[in-house]
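Here is the structure we will look at, set down as structure tokens.
The figures that follow rest on heavy atoms only: side chains count, while hydrogens, waters and symmetry mates do not. All figures in this text were calculated on a predicted structure; none of them were measured in a lab.
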Amino acid sequence: MSTNTTLIRGARILGGERRDVLVEGETISRVGTGLDAGSAAVVVDAGGLVLLPGLVDLHTHLREPGREDSETVLTGTKAAAKGGFTAVHAMANTFPVADTAGVVEQVWRLGLASGYCDVRPVGAVTVGLEGRQLAELGAMHDSAAQVRVFSDDGKCVDDAVIMRRALEYVKAFDGVVAQHAQEPRLTEGAQMNEGAVSAELGLGGWPAVAEESIIARDVLLAAHVGSRVHICHLSTAGSVEIVRWAKSKGWNVTAEVTPHHLLLTDELVRSYDPVYKVNPPLRTDADVVALREALADGTIDCVATDHAPHPHEDKDCEWAAAAMGMVGLETALSVVQETMVDTGLLDWAGVADRMAYRPAAIGRVTGHGRPVAPGEPANLVLVDPAYRGAVDPADFASRSRNSPYAGRDLPGRVTHTFLRGKATVTDGNLA
């Protein structure tokens, strides 16, 4: 018997029947009932807990290098582990931008050193995120980081010719371009969703068509060149319809939704609390309903956090001056339980699909998003679905506290996370 042996006893795998799961080394060795691991094993009593494959986030801002005042790879991966994630994709809008093999390798090596979850760097599509010249896509793919996802997230690749060239280039190595869909001319000076609330508050509006027009263009481009396009943080009912149409054509289009767009609406902006300022902005009740239904029926492939940490001085200021973004790694699963599981729209097997299997497939991440079965890597998370409690950002592992859920009761709590058989979280605390 391996000295690194863990017996998870009585877990509900994907919310189903209770089973024991024996982990030896980095691998699941047995799944069954009444398993015995001997005296050397660590036994985890998982009665009442749901066992899922480790979650995979396609959209995380770890801020390092350059903005270590808001997050580092170490603090961000600790937050990820507490949220049940075993792999995250680190966005490219760092300082310097991750637009070369050297920078993506730096981020990848920082992830290796952290040990709390696997870090897959996302490469920039264009040099400096400036939208004018393609970055070193091939060199980043061929680097030690083996980049497969490319995005200028935070900015839109708004030039159709540049976007087409990027889609053609990544096709050579089965990469994907992840687009931040925002027509810049339609959103100049935008502060929140354009609609009744923005009109009442007198804040500059970010119209739904600014997102939808870019998505429509990009699904057509992806079809034209036969490449893969992924839509970041889809947020409107109209965007859902465009993606649904593109998929009906058999085009290689995938999309993600954030937890906050599944729960929060633009009505919260009436408070003028900058914690609710985000890009794309919080939308309407009708959009939230459409997003939930699209995640349930598979039109939207996955949940991605868009974890966007900011130091307090960038948020504790007047609305117009505040930075856009919210932290989300440590609350994502709770929000998905609240909006999708407790409403009956998804079961826990559906959560595993939308938060592990599909994001791992889109990002081409090996060893993650795998079944809970013998011979598979032991990347696992245990969740207590019966828990309910108030969110306290003071308890976060993230370096930043800009959570829109502070003080709000949410269900579910990650009790254990395992990365290749090693516990990164035990009893809700970092191991």
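- Ion pairing between a basic and an acidic side chain is recognised when a charged N comes within 4.0 Å of a carboxylate O; Asp395 and Lys82 show no such pairing.
- A salt bridge links Arg67 with Asp69: at least one charged nitrogen is closer than 4.0 Å to a carboxylate oxygen.
- If you check the side chains of Glu71 and Thr75, you find a donor sitting under 3.5 Å from an acceptor.
- Using a 4.0 Å cut-off between charged side-chain N and carboxylate O, Glu241 and Arg244 make a salt bridge.
- Remark: the Thr236 side chain and the Arg283 side chain contain no N/O donor-acceptor pair separated by less than 3.5 Å.
- Neither side chain, Arg228 nor Asn252, offers a donor N or O lying under 3.5 Å from an acceptor on the other.
- For the pair Gly369 and Tyr357, the tightest heavy-atom approach, listed with the atom from each and the gap, is O-CD2, 3.1 Å.
- Residues passing the ring pair (Phe, Tyr, Trp, His ring centres under 6.0 Å) test with His307, sequence neighbours excluded: none.
- Side chain of Asp301 to backbone of Ala255: a donor-acceptor contact under 3.5 angstrom is found.
- A distance-only check finds a donor-acceptor pair linking the side chain of His89 to the backbone of Asp57 [under 3.5 Å].
- Checking side-chain atoms of Thr77 against main-chain N and O of Val73 turns up a donor-acceptor pair under 3.5 Å.
- Side chain of Gln179 to backbone of Val229: no donor-acceptor contact under 3.5 angstrom is found.
- Ion pairing between Arg388 and Glu338 holds under the 4.0 Å rule for side-chain N and carboxylate O.
- Distance alone, capped at 3.5 Å, places no donor-acceptor pair between the His233 side chain and the Thr258 backbone.
- Ionic pairing of Arg270 and Glu200 is present here: one or more N-O contacts between side-chain nitrogen and carboxylate oxygen are shorter than 4.0 angstrom.
- Inspection of the His368 and Thr86 side chains reveals an N or O donor paired with an N or O acceptor under 3.5 Å.
- Note: His310 and His312 fail the aromatic proximity criterion, with ring centroids not under 6.0 Å apart.
- At distances below 3.5 Å, not a single donor-acceptor pair connects side-chain atoms of Thr60 with backbone N or O atoms of Leu62.
- Nearest heavy-atom pair, Gly363 versus Val149, reported as atom, atom and distance to 0.1 Å: CA-CG2, 3.9 Å.
- Side-chain atoms of Glu183 and Ser213 form no donor-acceptor pair, as typed in the model, at a separation below 3.5 Å.
- The main-chain N or O of Ile242 is never found under 3.5 Å from a side-chain atom of Glu212 such that the two would form a donor-acceptor pair.
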